[in-house]
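One is the number of the first residue; the rest follow in order along the sequence. In listed order, ligands and their atoms are each counted from 1.
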Amino acid sequence: MIKAVVGANWGDEGKGKITDMLAQEADIIVRFQGGANAGHTIVNDYGKFALHTLPSGVFYDHTTSVIGNGVALNIPVFFKEYNEVVDRGVPAPKILISDRAQIVMPYHILFDQYEEERLAGKSFGSTKSGIAPFYSDKYAKIGFQVSELFDEETLREKVVRVCETKNVVLEHLYHKPLLNPDELMAELMEYKKMVEPYVCDVSLYLWNAIKDGKEILLEGQLGSLKDPDHGIYPMVTSSSTLAAYGAIGAGVPPYEIKKIITVCKAYSSAVGAGAFVSEIFGEEADELRRRGGDGGEYGATTGRPRRMGWFDCVASKYGCRIQGTTDVAFTVLDVLGYLDEIPVCVGYEINGEITTDFPTTTLLEKAKPVLKTLPGWKSDIRGIKNYEELPENCRKYIEFVEEQIGFPITMISNGPGRNDIIYRS
Ligand code: GDP
């Protein structure tokens, strides 16, 4: 059976923790999109880890971690992370890398930096990991698949050809140093050595695994609202963040994805620019940011302070719907235990009308939050294992959110650790 673990919001919902937890009973964990631009923070018996490209299943002996074809694979970053994990005592993870995954080239990272410089104040808030230039090239059909590393002659011809076009832009648009095809080729040969032992026909491997009854997890990065089609375009990421894309980015039949576990955070946070209707500011935001997540809401990749907001029922209802949610995992609820009252965004006012349907970006920019205030529970809920033992106001908060978003909250995460989870049927 295949389960997808994906985000309902702007990312940073705690997907890493939920994946790590579900991986206890899984055989294979697959990353199917995105790259090293966002991170998961995972706390387990080995310590605290910020993973950017390794799947969150790497901490178990019994799992195989797979990089699917949909991923933007930064080979040096991947192996640096792999070595760090092993250096900290984790048994060497079993990994497989799709022969169809494409490679983040050194110049993708440069182009990302140069473009952000050029756009200055109008930038998209890129993490400068090369993700947008990477996916642009993939769809412009000048990307490099892992498989291409193994045909040196054809590769060299393509490298020369691609450098020619890149160099025109480097010279005339960015006024930066030009690419040298020989240096690039040498670097790619290094990449080849690194990936060679792990390259695999991943879709075939997964096809056989499905037939053998294996338990497969698809691990998403970021969340619904960062999807290039269904998110807050253009303040989105460059690959689809939706469970449906898992079928493509891993190469599995769509009908095999039986469960879509959408991770939804009990308050809001976002990174980068873009409309954020329930955003809060000042001391109120600072306090939530300080207390949020596990050690504060700061980017796992960049260390940037995240933008903070109250729970947004409109965005989350949409975020869950567009994922095709079967189960909601409601996370970081423990963080809200300090509040006397908890505001929740229950509608958007746009041009004088109130809606609970998430609009397109042009209208979203005009939306003002309609807030409802719920009573807080003023206690620490960490360590609680049974739903009935949660304070009444805490249960009311969960049940209110569930009714507003219209999807069943079957898991409640009340701490960063693997076992901080309350199941609810
Ligand atoms: P991801 O990208 O969706 O995996 O999310 P991140 O890892 O960026 O952010 C989630 C943060 O919240 C991490 O620091 C987690 O350790 C932490 N976290 C996850 N679930 C919980 C929870 O239920 N309670 C608390 N306090 N922290 C949590």
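- Aromatic rings of Phe79 and Tyr198 (six-membered ring for Trp) have centroids within the 6.0 Å cut-off, being under it.
- Contacts with ligand 1 closer than 4.0 Å are made by side-chain heavy atoms of Asp334 only, the backbone lying farther away.
- Counting the atoms of ligand 1 from 1 in the order shown, those under 4.0 Å from a heavy atom of Val335 are 26 (N).
- Less than 4.0 angstrom separates some heavy atom of Arg306 from each of these atoms of ligand 1: 8 (O).
- At a cut-off of 3.5 Å, with distance as the only test, a side-chain donor of Thr262 or Thr325 sits close to an acceptor on the other residue.
- Not one N or O of Gly11 is nearer than 3.5 Å to an N or O of ligand 1, by distance alone.
- Heavy-atom distances between Gly415 and ligand 1 reach below 4.0 Å in at least one pair.
- For ligand 1, the atoms closer than 4.0 angstrom to any heavy atom of Ser413 are 20 (N), 21 (C), 22 (C), 23 (O).
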Test salt bridge (Lys or Arg N to Asp or Glu O under 4.0 Å) on Lys385 and Glu389; report intermediate values, then the result.
CA-CA 8 Å; Lys385 298 276 173 223; Glu389 286 163 30; over 6 Å; no
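- Of all the atoms in ligand 1, the ones that sit under 4.0 Å from a non-hydrogen atom of Glu13 are 3 (O), 5 (O).
- Every residue meeting the side-chain contact (heavy atoms from CB on, under 4.5 Å) condition with Lys166, not counting sequence neighbours, appears here in chain and number order: Tyr107, Phe111, Asp137, Ile142, Val162, Leu179.
- Using a 4.0 Å cut-off to heavy atoms of Arg382, the atoms of ligand 1 that qualify are 26 (N).
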